[in-house]
Amino acid sequence: MLIQETKTDLSGLNENQRKAVVSENKRLLVLAGAGSGKTKTLLQKLIYLIEEKNVNPANILAITFTKNAANEMLDRLIISADETEEYAEILADKNKSVKEKNTERYFFTKKHKWIDNLTLRTFHSLCYGIMRNFGVNEFDNKFKIITDSKVINDDFAKYSATETSFEIIHKILIKNCEENEYLLNLKRYVLDYMVDKIHIENYTKTSSPKGRKFYTSLNGTKVRSKSEQYISDWLYRHSIKFEYEPNVNFKDFDFKPDFFIPEANLYLEHVSDLSYPTKGKEIQFKKANKLLVKTFESQTKDTTLFNLALERIVKSRLPANYHYISALSFEEEFKYYHKEIKDFLRQTMRVVDMVKVENLSPKLVLNKSQKDQHERVRSFYTLAIPIISKYKTYCTNKSYLDFNDMIIKTISLFKNHQEIADKFRKKYEYILVDEFQDVNNLQVELIKLLLTDTNQLFCVGDDWQSIYGFRGSNVDYIINFNEYFKKAETIKLSMNYRSTENIVGASNEVIKHNKFKVEKDISTSKKSNSKIHIYAGKNELENIEYVVDRVKKLKEKGYRKEDILFLYRRSKMYSPYFERFRQERVFVSGKTIHSSKGLEARAVFIIGLTQGNGGFPDIWMEDRIYQVIKESNHDLLLEEERRLFYVAITRAKDELFLITEKGNESSFLKEIPDDLTFKTSIPFKSIIEQITLCKKCNNRLDEGFSFCPYCGTEQENE
């Protein structure tokens, strides 16, 4: 291969990194393994374009996903430009606050004009600037940013809304509940599926009058069957007071008719196949000259006819001036169900986000939901979609945009106003995207709208580290990059500069079990005799004792607290460890694996490596409600869990400790070859009773016998 001479110093790059930096290909994917220097390669590409290709920094767009990642890129660029090394000292100064360092970053960026002229942004920050400055024809350019929290990034704080998205959606729900029909339908949904959870109960058991009262009616009365619940609700909806199963004794014995409606002086008995015989009761009603009317299970199959039957039975016996409808209060109806209402609204907000990322209309989602076989799903969307539609209208009216909206509106701006799209296509001759494995549908559509035949797209990412599918990222964009960006070149960075050969070997073996991936042969030149430690205690207490002991030994070897990192699938896994560390005055960094992306440490402990619920892998099939928008696939979810394990493993530089429980080991541990690991555990006590046999006659001897009682032979003490 002919080595191209450059003015830029590329001596610190390996062959493939260098090849990526100098490539002229218009569509380039740098597929980089963990610890292979992908961000370094992207930044070197950026510097190469400016120094070697004489590209104006203003014509370069570099996009990343988080503010922290953008700041890290800026820091590395400033350090490369700062000959005084003053900025590196500022960043290393532990006495300076984050705010002080942010201020220094701002001034140092301004000091180096070539850095200041770059567009180095997150997707949201990029779209924020475009909409603020050029989006007036698409939306109010004085818009405010709305989030689910009142804590907002400094970049957007000046224009943040005074209300959160949850507060707005809650306000809309209360307004909708001014209509009795909506309020009662919502209450019915809350009672059935969030309080009684009838969708996960045993229907045979719950429909039996001999069983428990599983169903809650709208006025809070517990009844025995769905049909009795319907009758109770019908009466409540019409403001007709009733008693359920009152105790009566008209003549001969005590019994409980199903309903008594005082103002109609009427008793109502609902008869099903599971009901007790009613003949004895009917005789008592005749003796007492009381009115008893029966309804039948067969009538409930057609709700319209059943409604007419109830009207005929009940309404005709009420006073002529009876008020059938009264205004209901949201506060009164849901005073005991605040948590359930909050959960319903959280689900609705999740749907709002999913609908936006998947680029679906609420009407389309509603139509699809009504074809679902489950009433719970149909009912949820019947209640949620009107809120979502009004939420969208409210936000438009108030000039609010959330983070997804900023991308959506920018896409719409580019599609509807070609002159503005052309301005940015012409401006950005080079588009560099970091962490490309995390892109979602909206982000890819935006990137495509910025591309022309002449500008260059340079993407860096690792499909093996795609772990954000739960929030909309789509790993297919990086795996099948060539399908989305035609005539693309792919360069693989396969040298891991972070981890030892055993750690790299283990991560390679684990990820091999994924089918949906791009093949890479990751290697390392970092030798070490240290194998991966797998410890299986009999319980969590033993695991904690082992971990505390290992941390102390690492510190004796000179490890600092920042050299040791604890990782876990769910935050609750770390609580008992943290409490013990606090007692022992052992102070170690703990993070969820999702939040550890980009980090590294000399020693890494991965805890909670058990099988099943609460362990790792933790495959969480989304509620069927969300399947209407995006179907879950078990195998793909398992592959994402394995990628998460891969990310955790590859945070370790020198030492890796995997903590599990004896007899309940994570299936992922079996994917690591034995020759890469050192396994320790405390053995179970033997369940086999120790017995002593006579050495001559072979009869069993009790413990402590010196002579055999059967043959008299002297026994030797062991």
Side-chain angles (χ1 to χ4, degrees), residues 180-181 184-185 187-188 191-192 195-196 198 201 203-326 328 332-333 336:
N180 280 5
E181 189 67 18
L184 293 173
N185 287 341
K187 190 172 184 183
R188 176 77 282 130
L191 291 172
D192 275 356
V195 177
D196 295 338
I198 64 170
E201 293 287 1
Y203 272 89
T204 303
K205 181 180 177 183
T206 60
S207 57
S208 168
K210 299 176 184 177
R212 284 168 44 203
K213 298 175 182 177
F214 280 100
Y215 297 88
T216 307
S217 64
L218 289 173
N219 75 339
T221 302
K222 289 280 188 180
V223 298
R224 299 182 189 278
S225 70
K226 193 72 176 166
S227 299
E228 289 185 348
Q229 183 194 61
Y230 189 93
I231 295 169
S232 301
D233 287 355
W234 186 91
L235 294 169
Y236 189 73
R237 286 171 184 271
H238 291 83
S239 307
I240 300 171
K241 294 178 181 177
F242 67 92
E243 296 174 31
Y244 179 69
E245 292 191 344
N247 283 310
V248 298
N249 188 327
F250 294 144
K251 189 75 174 175
D252 302 321
F253 55 83
D254 294 338
F255 65 98
K256 294 181 178 182
D258 290 336
F259 296 92
F260 175 55
I261 302 165
E263 289 170 275
N265 197 23
L266 166 71
Y267 291 88
L268 193 152
E269 192 79 18
H270 183 72
V271 182
S272 73
D273 294 339
L274 298 173
S275 297
Y276 288 109
T278 61
K279 187 175 180 181
K281 294 181 186 178
E282 291 177 41
I283 292 171
Q284 297 299 304
F285 277 101
K286 285 182 180 179
K287 285 183 177 181
N289 197 26
K290 299 286 186 182
L291 179 61
L292 171 68
V293 178
K294 293 191 285 187
T295 58
F296 299 90
E297 191 67 22
S298 59
Q299 293 174 294
T300 65
K301 293 176 182 177
D302 187 324
T303 54
T304 303
L305 291 177
F306 196 42
N307 284 340
L308 289 173
L310 290 172
E311 289 205 15
R312 177 178 56 78
I313 292 166
V314 179
K315 283 191 174 182
S316 62
R317 293 178 171 84
L318 289 170
N321 61 348
Y322 196 90
H323 293 288
Y324 295 108
I325 303 296
S326 62
L328 299 174
E332 183 64 26
E333 295 299 320
Y336 301 117

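Numbering starts at 1 and runs along the sequence shown.
Closest approach of Asp254 to Asn249, counting heavy atoms only: OD1-ND2, 2.7 Å. The shortest non-hydrogen separation linking Glu228 to Phe259 is O-CZ, 3.6 Å. The two atoms that bring Gln284 and Lys251 nearest to each other are OE1-CB, 3.2 Å, heavy atoms only. Pro262 and Lys241 get closest at one heavy-atom pair: CD-O, 3.5 Å. A pairwise comparison of heavy atoms in Leu291 and Asn265 identifies CB-O, 4.1 Å as the closest pair. The two residues Leu292 and Glu269 come nearest to each other via the heavy atoms CD1-CB, 3.8 Å.
In this structure, the side chain of Gln299 does not engage the main chain of Leu305 through any donor-acceptor pair within 3.5 Å. Judged purely by atom type and a 3.5 angstrom limit, Asn219 uses its side chain to pair as donor or acceptor with the backbone of Thr221. Using modelled atom types, one side-chain atom of Tyr322 and one backbone atom of Ser239 make a donor-acceptor pair closer than 3.5 Å. Without hydrogens or angle criteria, Gln229 side chain to Thr216 main chain gives a donor-acceptor distance under 3.5 Å.
Legend: salt bridge (Lys or Arg N to Asp or Glu O under 4.0 Å) pairs involving residues 288-308, not counting sequence neighbours, sorted by first then second residue: Glu282-Lys294.
Put simply, the side chain of Lys256 reaches to within 4.5 Å of the side chain of Asn247, judged on heavy atoms. Annotation: side chain of Phe285 is in contact with side chain of Pro257 (closest heavy-atom distance under 4.5 Å). When side chains are defined from C-beta on, Leu266 counts as touching Val314, because their heavy atoms get closer than 4.5 Å.
The aromatic rings of Tyr230 and Phe306 lie tilted to each other, with the angle between the two planes from 30° to 60°.
Between Arg224 and Asp258 there is no salt bridge, since none of the side-chain N atoms of the basic residue sits less than 4.0 Å from a carboxylate O of the acidic one.
Checked against the 6.0 Å centroid threshold, Tyr236 and Phe242 do not count as a close aromatic pair.
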| field | Intermediate values then yes/no, side-chain contact (heavy atoms from CB on, under 4.5 Å), Ile198 and Lys226 | value | CA-CA 10 Å; Ile198 64 170; Lys226 193 72 176 166; 3.6 Å; yes
| request: Please test Glu311 against Trp234 for side-chain contact (heavy atoms from CB on, under 4.5 Å), starting from the C-alpha separation and ending with a verdict. | output: CA-CA 9 Å; Glu311 289 205 15; Trp234 186 91; 3.5 Å; yes
